[in-house]
2 protein chains.
Amino acid sequence: MERRDLHGRDASTRDRPARDAPDARDRPDLAGVPPLARITLGTQVYDALRDLLIAGELAPGERLSLRTVAERLGTSMMPAREAVSRLVADEALEVLPNRAVRVPVITLGKFRELTRVRIAVEGFAAAEAARACRPDDLAVIRGHDAAFRHEVRADAPDLERAMRANRDLHFAVYAAAGLPSLVAIVEGLWLRIGPVLNLDMRSSPRRLAEGGAAAHHARLVAALAVGDAEGARAALAADIAGSAAFIETTGRLAP
Amino acid sequence: MERRDLHGRDASTRDRPARDAPDARDRPDLAGVPPLARITLGTQVYDALRDLLIAGELAPGERLSLRTVAERLGTSMMPAREAVSRLVADEALEVLPNRAVRVPVITLGKFRELTRVRIAVEGFAAAEAARACRPDDLAVIRGHDAAFRHEVRADAPDLERAMRANRDLHFAVYAAAGLPSLVAIVEGLWLRIGPVLNLDMRSSPRRLAEGGAAAHHARLVAALAVGDAEGARAALAADIAGSAAFIETTGRLAP
DNA sequence: TGCCGTGATCTGTGATCACACTTAGGCTGG
DNA sequence: CCAGCCTAAGTGTGATCACAGATCACGGCA
């Protein structure tokens with residue numbers, strides 16, 4: 001049970017960059033200096049929990065406690081509260097009538113519903129990506145694709161790395177569509193299926209290679225390269241449907 | 001400046017129903033008694049602000065203050081904090097590097113992006129609705145359609161009622177698709193375009209009748225009635241594109 | 001032996017205080 | 001008369017306390 005400390009508790013260094021913000025606003029023609037993302041403790045806790053969720057390190061049904069989360073991450077209860085509130089709003093966590101917080105247990109019906117929505121939304125993103133994809137976007141995508149293929153073909157596949165490569169590949173495609181709000185929507189969906197998807201995937205490693213994931217990815221990349229929107233959509237839909245079908249066969253989903 | 005009091009501060013009455021929850025779980029065959037939604041002050045503040053936003057009563061660029069919101073709604077600062085945090089997470093509000101909270105100013109580019117995403121997502125929802133629509137769903141939809149048509153044709157159109165009828169019509173269609181997570185996504189989108197959309201609509205009333213909204217709605221309802229998925233999608237896409245084009249002509253959007 | 005009341009403990013929620021920071025307004029010094 | 005500082009009010013963020021309700025185990029009654 002390692003203890004990540006989010007503090008960097010020297011607030012003077014943490015908030016330092018913000019002091020330049022007024023300058024940047026007074027002289028908007030000053031290059032560089034992007035809007036300067038706010039990094040509060042609450043946001044950091046949110047990101048930490050978020051990563052745990054989509055990595056499947058928090059199992060469905062697992063319970064959380066504000067005080068435990070706070071202590072584990074080295075903060076007080078307040079940032080944990082904010083983080084959990086946001087995740088509950090995203091339906092990535094749920095708080096029962098008992099006031100207990102846990103990661104939701106997805107039913108089979110809900111899983112199928114999410115899969116249909118994913119195919120529609122992510123399929124659209126892939127199609128748009130095929131239209132808007134630029135050479136450097138494609139290069140990044142190919143990089144992640146190669147990493148994934150390399151990992152699943154290895155003698156001792158590193159599942160964590162493989163899943164991360166898969167995720168990076170998908171989101172690189174979605175980012176190439178040039179619709180940030182769409183990417184945010186997809187992130188919300190992944191946040192909800194992450195636990196069940198990655199958890200089951202972890203339980204049966206070799207399925208990763210057997211499933212047609214690599215083949216679907218290859219078709220996807222090929223379609224993107226030639227600007228074939230419908231081809232990209234179909235390839236991505238097949239990829240999603242394939243992994244969903246596998247999850248269903250494990251039968252671990254609640255009725 | 002009326003003062004809505006969210007308290008009902010008699011906690012004993014507010015939380016009373018929860019006491020039946022354990023019984024309902026122990027005897028699951030006990031009819032009625034759905035899971036019993038939690039209603040915290042934070043959630044109520046969230047809903048209040050949310051309604052203000054999608055009704056366009058909070059103009060883009062308008063600033064909010066936690067303490068002001070709290071006082072106005074008759075609570076302390078904590079529930080206001082949670083509500084604002086959630087809305088910021090939804091990108092329905094934003095907090096500047098100065099730590100000032102305001103409703104975001106949408107740029108023209110962002111507006112077009114959101115419109116494209118809306119056409120894709122809501123169009124899909126309409127198509128699914130055409131497949132899954134049941135007679136009683138259709139009846140509800142027709143009711144809202146009639147209300148909207150009646151309102152825009154009146155001599156003295158009540159804009160607020162018209163916009164609400166329009167919103168109810170749209171969401172009745174999306175609900176008919178039977179994909180709750182999709183409805184949640186669309187709500188997030190409406191939360192972000194609500195301010196600019198409804199604000200501009202309010203500034204020029206008669207456009208409501210001139211715009212083809214009623215005609216698009218008619219085509220939409222007709223398509224739903226016969227299960228024509230692509231027809232429904234097209235009608236809804238035209239509706240969205242129409243109102244978006246009108247908004248752009250007002251030229252009020254930031255470059 | 002089986003069951004129900006009852007207490008300690010832990011939960012999320014709300015209120016309040018403390019703090020660093022921003023911002024606007026009034027004052028002083030030129 | 002204007003530019004400059006500089007105080008005072010107001011901001012979100014984080015910590016801490018208070019509290020009602022839930023959970024669970026122990027102990028006593030039937």
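So you know, we letter chains A, B, ... as the sequences are listed, proteins then strands, and number each from 1.
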Visitor: Residues in side chain to side chain contact (heavy atoms under 4.5 Å, CB included) with B/Ala172, at least two apart?
Guide: B/Val140, B/Ile141, B/His144
Visitor: Measure CZ/A/Arg102 against C1'/D/dT23 and give the value in whole Å, please.
Guide: 16 Å
Visitor: Could you check whether any side-chain heavy atom of A/Ser181 comes within less than 4.5 Å of a side-chain heavy atom of B/Glu113, counting everything from C-beta outward?
Guide: yes
Visitor: Scan the side chains in residues 184-191 of chain A for donor-acceptor partners under 3.5 Å anywhere in the protein, sequence neighbours excluded, and list what turns up.
Guide:
{"from": "A/Glu187", "atom 1": "OE1", "to": "A/Arg50", "atom 2": "NH2", "distance (Å)": "3.0"}
{"from": "A/Trp190", "atom 1": "NE1", "to": "A/Glu122", "atom 2": "OE1", "distance (Å)": "3.4"}
{"from": "A/Trp190", "atom 1": "NE1", "to": "A/Glu122", "atom 2": "OE2", "distance (Å)": "3.1"}

Visitor: Give the nucleotide from the list D/dA15, C/dT23, C/dG14 with an atom nearest to the side chain of B/Asn98.
Guide: C/dT23
Visitor: Could you work out, with side chain to side chain contact (heavy atoms under 4.5 Å, CB included) as the rule, every residue matching A/Ile193, not counting sequence neighbours?
Guide: A/Leu114, A/Arg118, A/Leu197
Visitor: Donor-acceptor pairs under 3.5 Å, side chain of residues 79-87 of chain A to any protein atom, not counting sequence neighbours: which ones?
Guide:
{"from": "A/Ser85", "atom 1": "OG", "to": "A/Arg81", "atom 2": "O", "distance (Å)": "2.9"}

Visitor: What pairs with A/Asp51 under side chain to side chain contact (heavy atoms under 4.5 Å, CB included), at least two apart in sequence or on another chain?
Guide: none
Visitor: Could I get the full list of side-chain hydrogen bond (donor to acceptor under 3.5 Å, both in side chains) partners for B/Arg63, not counting sequence neighbours?
Guide: none
Visitor: Where along residues 77-89 of chain B does a heavy atom fall under 4.0 Å from DNA chain D?
Guide: B/Met77, B/Arg81
Visitor: Pull out every protein N or O sitting under 3.5 Å from an N or O of nucleotides 6-11 of chain D, one pair per line with the distance.
Guide:
{"from": "D/dT11", "atom 1": "OP1", "to": "B/Ser65", "atom 2": "OG", "distance (Å)": "3.0"}

Visitor: Give the rounded distance in Å between these two atoms: CD of A/Glu94 and P of C/dG12.
Guide: 14 Å
Visitor: Got a sec, which residues hit side chain to side chain contact (heavy atoms under 4.5 Å, CB included) with B/Ala244, two or more places apart in sequence or on another chain?
Guide: B/Phe111, B/Thr115
